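Note that ligands are numbered from 1 as they come in the structure, with each ligand's atoms numbered from 1 the same way. Note that the structure is a prediction, hence the values are computed from the model and not measured.
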Amino acid sequence: MSELRSPIGILDSGFGGLSVALAVRAAMPAEDLVFAADCAFAPWGDRGADFIDQRVHAIVDFLRSERIKALVLACNTATAVSIDTLRTELSIPVVGIEPAVFPGVRETETGVVGTLATVRTIASERYRHLSANALAWAKENRPMPVSILDCPCPGLMECVERGEFKSAHTLTLLEHYIAPLLAKGTDRLVLGCTHYPFLHEAIEAIIRKLAPEKRVELIDPAPAVAKQLARTLATRKLCAPSETAGNVRFYATGANAAREAVLNALWQQNAQLEALQ
Ligand code: DGL
């Protein structure tokens with residue numbers, strides 16, 4: 001197989017990474033994709049860095065056996081923990097995802113940005129640097145004081161994994177996390193975990209309920225990640241020839257019928273879930 005026709009590997013702890021895979025598919029329909037989710041060991045976001053790094057490497061080993069030409073860490077938590085080491089270990093390009101605090105501080109009108117992410121992402125050195133840089137930029141470039149409110153959201157990714165996009169439990173959890181942010185004037189909510197874009201309708205419902213008069217925008221970095229991947233492939237002359245449509249394969253640890261049903265709901269097309277050992 002020529003390298004141009006090799007697939008792009010996309011990984012996450014679960015199905016949240018499909019929000020990135022959908023953006024990649026839309027931006028680069030000719031590319032073959034292999035999506036791998038670590039459902040049996042999820043969530044990652046409440047675990048220690050060593051556990052996460054070990055699971056990321058296990059999934060990367062599988063994707064390398066599929067001869068991928070590029071790797072996308074469609075997981076903020078995995079990016080925060082493992083991207084630096086992976087970039088030194090792998091010869092293929094590695095693209096990650098981080099909470100989009102820069103667009104948040106650039107666009108906020110109230111000066112208050114909220115970040116929803118996992119415990120591990122928010123506690124990470126990488127996120128601390130990112131938000132400090134964004135605030136330093138805002139200090140120089142924005143007329144008003146800008147702050148970022150960090151909100152770790154344990155339990156939220158599990159709602160997506162169970163296919164509970166709007167259940168009473170999901171709405172209660174979201175209200176618990178978002179209410180304090182809205183009370184402090186947040187008008188930009190950074191979706192700092194790839195699972196959360198799949199809760200956008202529930203999040204918008206909570207905002208309508210708690211602050212009907214406010215305009216609060218959700219920021220999902222997935223399209224920017226797809227653009228970055230497209231630029232990287234173009235620079236390395238790795239783009240698939242555009243005349244044929246690419247195929248997408250889905251793998252998960254702990255694959256079963258219930259998980260396949262959630263995959264189908266999120267991908268919005270018939271998709272088969274293969275077992276990843
Ligand atoms: N989807 C992941 C992220 O973007 C992590 C969810 C989890 O496993 O806790 O951080």
Original post:
Nearest heavy-atom pair of Arg87 and Val94: which atoms, and what distance?
Top reply: NH2-O, 2.8 Å
**OP:** Could you pull out the closest heavy-atom pair between Leu182 and Ile207, with the gap in Å?
**Re:** CD1-CA, 4.2 Å
**OP:** Tell me the residues surrounding ligand 1, counting only those with a heavy atom closer than 4.0 angstrom, sorted by chain and number.
**Re:** Asp12, Ser13, Pro43, Trp44, Gly45, Cys75, Asn76, Thr77, Thr118, Met157, Cys193, Thr194, His195
Subject >> Residue pair Thr235 / Thr232, side-chain donor-acceptor N/O under 3.5 Å >> reply: no
Original post:
Does a side chain donor of either Thr118 or Thr77 reach within less than 3.5 Å of an acceptor in the other side chain?
Top reply: yes
**OP:** Measure up the Phe35 and Phe15 rings against each other and bin them: parallel (under 30°), tilted (30 to 60°), perpendicular (over 60°).
**Re:** parallel
Subject >> Crowding at CG, Asp50 (>12 non-hydrogen neighbours, <6.0 Å) >> reply: no
